[in-house]
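Notes follow the structure.
Convention: sequence-line order gives letters A, B, ...; per-chain numbering from 1. What you see below is based on every heavy atom in this structure, not just the backbone, and it leaves out hydrogens, waters and symmetry mates.
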Amino acid sequence: MSQISTKPPSGMRDFLAPDLARRRHVIGVIARVYESFGFTPLETPTIENLSTLLGKYGPEGDQLLYRLLHRRERLARALEPKPDGSRPTELDLSDEGLRYDLTVPLARVVANYGELPAFYKRYQIQPVWRADRPAKGRFREFFQCDVDICGTKSLVADAEVCGAVATVLRELGFAKPDDPAGGFQIHVNHRELLRAMVAEAGIAAEKEGQALIALDKLDKIGADGVKAELIEKGIAAEAASSLLSMIDDTGAGPSLDVWANGPSERGAAAARELQELLSIAAGGPAGAHLVFDPTLARGLSYYTGPIFEITCAGLAGSMGGGGRYDGLIGMFTKRQIPAVGFSLGLERVLLVMEERGMFPPLAAGPQLLLCRFPDIAPAAAVAVATQLRAAGLRVELYADTPSLGKQLQYANTLGAPFAAILGGNELAQQSLTLKRLATGEQKTLPIADVAAFVKAG
RNA sequence: GUGGGUGUAGCUCAACUGGUUAGAGCACCAGACUGUGACUCUGGGGGUUGGGGGUUCAAGUCCCCUCACUCACCCCA
């Protein structure tokens, strides 16, 4: 096809009015709930310096960054062979990239503004970009809806971010966890507990990441599958078996009590933290949804403490995730500031709501199309439209004057509930003939009364 | 990154094992009612069958390459 493609780039989408009605509805609930928890909004630039982004997400994450090429002279210089004859690298050609998540930009902001509240609680709803391969529910440009609390190690903060996202989902109509119609669960685990398990099993520290990724697949590929993958990654069969013995096939494994009293002091401390978190959250909105999952790993490398992930029936991936990252802000400043956050994936939430038909009727488009006859001056029609809009109606004025049938047909395709007809008779008595499109009934009434009539439905 | 599938009108899809001029529904436009739509009737526009190459008397159909989309896995939100 020699024509220019009219599709957006792979993994990116245009949002037409019906899409936006649903997206804005969900975003509205999220922002309102987050604010009710005392979070204040933040927006950061689309573009960040690569020095900000690199090294925060792990090796795979760095590969998924969209990078901006240098421009003009800078690019020309970067492309020249170096004195030692080597070719330019990615880092020579670019020093900026699109943000990959909202957590790292937050960390930068907290490090950059010393005057922020001691306990900075911010929410942020913006798109992020990942050069991933698109799939169902996965895009290259997608919205994250983050809440984070910076400045405290208290597990109350962990419980609060869990409570905020749980409240959002409940307000959007997601059911209680025990509801057969399909609720949602917030899986929790602890990075330190995972590290203790790996160490206990005799797996080398440098294999830790790979071991955890394999373990995360337990519910999908089973114990044998995990063991095979561990061995494939160069981990001794004995160590692999040892790791798996700490968790049974169902992934349920020993209770937190067992871990809390286990031989590894490090693991015990982590387990006690999780116990405390569950107990703090018990009385709040997240309480019923929290479930300890010893196989939960999560890929992002900046997590240090409790980690979270939201799952629900029928969704392959997760609806959201988060965790504690006490070291990340310290990568941008000498001050070590602990923080914990949670992120909802807007598209994932929308996907599930779509599949389950969870959207309420959402108003969109004009309530009334103003039609007129050719003998009515445009200025007179504009005046009437202005009057109706001032009365609070969403009014579209048909720009031309084709046959009335055409104008009404257009009102029909727009989905406007009403059409108003302005002709010589109506103009003379400052009235409109109002037609209800669904039934065809119509009546003539004073312009001043039209808004109330339309609003009444 | 691995494996599978699909590309035909604006949209959803047909076209038997290769065989005349590639069809239908919806949508769009125009017409019976020049102050009345959504339902009915009639007519009409619209396609180099994703692109390129090959096999053949003949290719939407078979083969190769390429591009795009899509599903599963991987990973994630």
Considering only atom [atom1], compute the distance from [N] to [M] and round it to an integer number of Å.
| N | M | atom1 | result |
| --- | --- | --- | --- |
| B/G23 | B/C16 | P | 14 Å |
| B/G45 | B/A24 | P | 12 Å |
| B/C63 | B/G47 | P | 28 Å |
| B/U6 | B/G60 | C1' | 14 Å |
| B/G50 | B/A68 | C1' | 7 Å |
| B/U8 | B/G1 | P | 25 Å |
| B/C69 | B/A59 | P | 30 Å |
| B/U2 | B/G18 | C1' | 35 Å |

Yes or no on side-chain hydrogen bond (donor to acceptor under 3.5 Å, both in side chains) for A/T433 and A/E426, after CA distance, side-chain angles and deciding distance?
CA-CA 7 Å; A/T433 296; A/E426 287 86 356; 2.5 Å; yes

Using atom names, set out every protein N or O paired with an N or O of nucleotides 3-6 of chain B below 3.5 Å, distance rounded to 0.1 Å.
from, atom 1, to, atom 2, distance (Å)
B/G3, O6, A/R133, NH2, 3.4

How many whole angstroms separate atom [atom1] of [X] from atom [atom2] of [N]?
| X | N | atom1 | atom2 | value |
| --- | --- | --- | --- | --- |
| A/L212 | B/C76 | CG | P | 11 Å |
| A/R140 | B/C75 | CZ | C1' | 14 Å |
| A/L344 | B/C76 | CG | P | 18 Å |
| A/L414 | B/A27 | CG | C1' | 15 Å |
| A/Q126 | B/A77 | CD | P | 17 Å |
| A/F184 | B/A77 | CZ | P | 18 Å |
| A/R372 | B/U34 | CZ | P | 20 Å |
| A/L432 | B/G35 | CG | P | 18 Å |

Compute whether any side-chain donor of one residue and acceptor of the other, for A/D293 and A/T295, lie under 3.5 angstrom apart.
yes

Checking A/R389 against A/Q387: is there a side-chain donor and acceptor pair closer than 3.5 Å?
no

Evaluation steps, salt bridge (charged side-chain N to carboxylate O under 4.0 Å, His left out), between A/K136 and A/E355:
CA-CA 13 Å; A/K136 185 181 183 187; A/E355 284 177 353; 3.1 Å; yes

Look at the side chain of A/K136 and decide which nucleotide, out of B/A72, B/G35, B/U36, has an atom nearest to it.
B/A72

May I ask you to decide if the ring planes of A/F15 and A/F143 are parallel, tilted or perpendicular, using 30° and 60° as cut-offs?
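Perpendicular.
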
From CA spacing to verdict: salt bridge (charged side-chain N to carboxylate O under 4.0 Å, His left out), A/E48, A/R108
CA-CA 10 Å; A/E48 291 281 355; A/R108 178 185 61 71; 2.7 Å; yes

Basic-acidic side-chain contact under 4.0 Å: [X], [Y]:
| X | Y | result |
| --- | --- | --- |
| A/E90 | A/R67 | yes |
| A/E347 | A/R138 | no |
| A/R130 | A/E141 | no |
| A/R140 | A/D132 | no |
| A/R324 | A/D158 | yes |

Name the nucleic acid region contacted by [X], choosing base, sugar-phosphate or nothing; use a 4.0 angstrom heavy-atom cut-off, strictly under.
| X | value |
| --- | --- |
| A/I421 | base |
| A/S403 | nothing |
| A/E141 | nothing |
| A/F139 | base |
| A/S10 | sugar-phosphate |
| A/Q407 | nothing |
| A/D101 | nothing |

Please walk me through it: do A/D62 and A/Y100 pass side-chain hydrogen bond (donor to acceptor under 3.5 Å, both in side chains)?
CA-CA 9 Å; A/D62 287 354; A/Y100 179 89; over 6 Å; no

Identify the stems formed by RNA chain B, where each pair is Watson-Crick or G-U wobble with both distances under 3.5 angstrom and a stem is at least 3 consecutive pairs.
B:1-7 with B:67-73, B:10-13 with B:23-26, B:28-31 with B:41-44, B:50-54 with B:62-66

For RNA chain B, whose closest nucleotide is more 5', that of A/G424 or that of A/K7?
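First, find each residue's nearest nucleotide; the 5'-ward one identifies A/G424.
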
Mapping A/G11 and A/Y100 onto RNA chain B by nearest heavy atom, which one lands closer to the 5' end?
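By nearest-heavy-atom nucleotide position, the 5'-most residue is A/G11.
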
Given A/F308, A/F342, A/Y302, the one that forms ring-ring contact (aromatic ring centres under 6.0 Å, His included) with A/Y325
A/Y302

Evaluate the salt bridge (charged side-chain N to carboxylate O under 4.0 Å, His left out) criterion for residues A/D148 and A/R122: first the C-alpha distance (whole Å), next the side-chain angles of each, then the deciding distance (0.1 Å), finally the verdict.
CA-CA 6 Å; A/D148 291 79; A/R122 83 90 175 77; 2.8 Å; yes

In the 5'-to-3' direction, what one-character label does each nucleotide of nucleotides 37-42 of chain B receive under the scheme B = base within less than 4.0 Å of a protein heavy atom, S = sugar-phosphate only, - = no such atom?
BB----

